[in-house]
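To start, the structure under review is shown below, and the notes come after it.
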Amino acid sequence: MIVVFDAECLLCSAWVQFLLRHDKRRVFRFASMQQAAGRRLLAEAGLEVDRLETLLLVTEHGAYRYTSAIFRVLHQLGWPWRLAWMAWVVPAPIRDPLYRWLARNRYRWFGRRATCFMPDAGDAERFLDE
């Protein structure tokens with residue numbers, strides 16, 4: 001499973017750090033949208049890097065975005081994170097616009113770093129293009 005994220009976004013980088021801490025089975029790999037592998041995965045999913053409003057989860061079954069990607073990621077982390085599936089009862093036409101609104105404002109509310117997020121040496125092999 002590959003999580004494609006915005007490595008300049010402080011919220012997105014915090015999400016990746018959260019996943020690195022809680023992914024005990026090490027099922028996730030990561031690609032930043034600023035690197036070639038991340039750009040390629042986004043293009044294959046039909047997403048534009050310039051106006052990206054989602055993280056992308058790529059699995060052997062397909063690509064997921066918005067809240068669908070978040071729920072699938074949390075499910076893979078196991079308990080207690082798997083409880084997030086309870087929010088699945090909220091219809092996607094309600095969940096996803098809220099997610100996109102947050103994504104559109106992520107730099108304004110959470111900040112942006114001048115350089116891309118860099119993993120610790122112990123996690124570097126989990127990042128594509130690193």
Side-chain angles (χ1 to χ4, degrees):
M1 302 183 106
I2 302 170
V3 175
V4 182
F5 70 102
D6 180 353
E8 293 176 355
C9 167
L10 292 179
L11 176 64
C12 305
S13 295
W15 170 247
V16 169
Q17 291 171 25
F18 170 84
L19 293 177
L20 288 169
R21 276 192 314 276
H22 296 285
D23 181 18
K24 304 301 182 198
R25 295 179 300 132
R26 299 176 70 85
V27 297
F28 295 111
R29 297 189 66 204
F30 304 92
S32 78
M33 68 179 218
Q34 287 80 13
Q35 298 285 339
R39 288 180 177 273
R40 178 182 48 78
L41 291 166
L42 289 171
E44 289 172 3
L47 297 172
E48 296 179 30
V49 172
D50 296 332
R51 296 184 321 182
L52 190 67
E53 293 181 352
T54 185
L55 68 82
L56 179 69
L57 175 65
V58 180
T59 73
E60 61 188 25
H61 303 292
Y64 303 92
R65 55 183 132 174
Y66 310 122
T67 56
S68 177
I70 298 293
F71 289 145
R72 281 175 169 76
V73 166
L74 291 172
H75 181 78
Q76 286 298 318
L77 294 180
W79 296 99
W81 314 111
R82 200 170 271 185
L83 292 172
W85 277 101
M86 290 189 305
W88 195 262
V89 299
V90 177
I94 295 171
R95 292 188 323 255
D96 289 345
L98 290 171
Y99 179 96
R100 287 192 302 272
W101 176 69
L102 174 69
R104 273 193 306 274
N105 292 289
R106 69 189 184 273
Y107 295 139
R108 185 175 348 154
W109 295 342
F110 300 98
R112 185 178 196 164
R113 59 175 77 225
T115 59
C116 290
F117 166 77
M118 298 297 292
D120 293 334
D123 291 317
E125 76 278 355
R126 297 178 69 188
F127 286 77
L128 305 177
D129 283 351
E130 291 295 330

Calculate, to the nearest 0.5 Å, the distance between atoms [atom1] and [atom2] belonging to [X] and [Y] respectively.
X	Y	atom1	atom2	answer
L77	H75	CG	NE2	10.0 Å
E53	Y66	CD	OH	6.5 Å
E125	D123	CD	CG	6.5 Å
F30	C12	CZ	SG	12.5 Å
R39	Q34	CZ	CD	7.0 Å

Report task. Treat each ILVMFWY residue as a node, draw an edge where side-chain heavy atoms are under 4.5 Å apart, and state whether L11 and F5 are in one component. Result ->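 No, L11 and F5 fall in different hydrophobic clusters.
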
Query - Joint cluster assignment, L57 & V27, ILVMFWY side-chain distance < 4.5 Å - result: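 Shared cluster, yes.
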
Report task. List, by chain and number, the other hydrophobic cluster members for L83, where Ile, Leu, Val, Met, Phe, Trp and Tyr join if side-chain heavy atoms come within less than 4.5 Å, directly or indirectly. Result ->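 When side chains under 4.5 Å apart are linked, the cluster holding L83 also contains W79, M86.
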
Query raised in the report: Hey, what else clusters with L10 if you join Ile, Leu, Val, Met, Phe, Trp, Tyr whenever side-chain heavy atoms sit under 4.5 Å?
Result: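 Members besides L10: none; it forms no cluster.
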
Requested in this report: Decide salt bridge (charged side-chain N to carboxylate O under 4.0 Å, His left out) for R29 and D23; before the verdict, give the C-alpha distance in whole Å, the side-chain angles of both, and the deciding distance to 0.1 Å.
Outcome: CA-CA 10 Å; R29 297 189 66 204; D23 181 18; over 6 Å; no

Heavy-atom side-chain proximity of [X] to [Y] below 4.5 angstrom:
X	Y	result
D120	L20	no
F110	L102	yes
W15	I70	yes
E44	V58	no
R126	P119	no

Query raised in the report: Regarding R65 and T54, is there a side-chain donor-to-acceptor distance under 3.5 Å anywhere?
Result: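 Checked: R65/T54 side chains show no N/O donor-acceptor pair below 3.5 Å.
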
Query - Pairing of D6 and R113 as salt bridge, 4.0 angstrom limit - result: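 A salt bridge is absent here (no side-chain N lies under 4.0 Å from a carboxylate O).
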
Requested in this report: Verify, without hydrogens or angle tests, whether R95 (side chain) and V90 (backbone) share a donor-acceptor contact under 3.5 angstrom.
Outcome: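 Flag set: sc R95 to bb V90 pair under 3.5 Å.
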
Tell me the closest heavy-atom pair linking [X] and [Y], and the distance in Å.
X	Y	answer
A63	A45	CB-CB, 4.2 Å
C9	R106	SG-CD, 3.4 Å
F71	A87	CZ-CB, 3.5 Å
A7	S32	CB-CB, 3.5 Å

Requested in this report: With sequence neighbours excluded, tell me which residues meet ring pair (Phe, Tyr, Trp, His ring centres under 6.0 Å) with W81.
Outcome: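 For W81, the residues satisfying ring pair (Phe, Tyr, Trp, His ring centres under 6.0 Å) (neighbours in sequence not counted) are F18, H22.
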
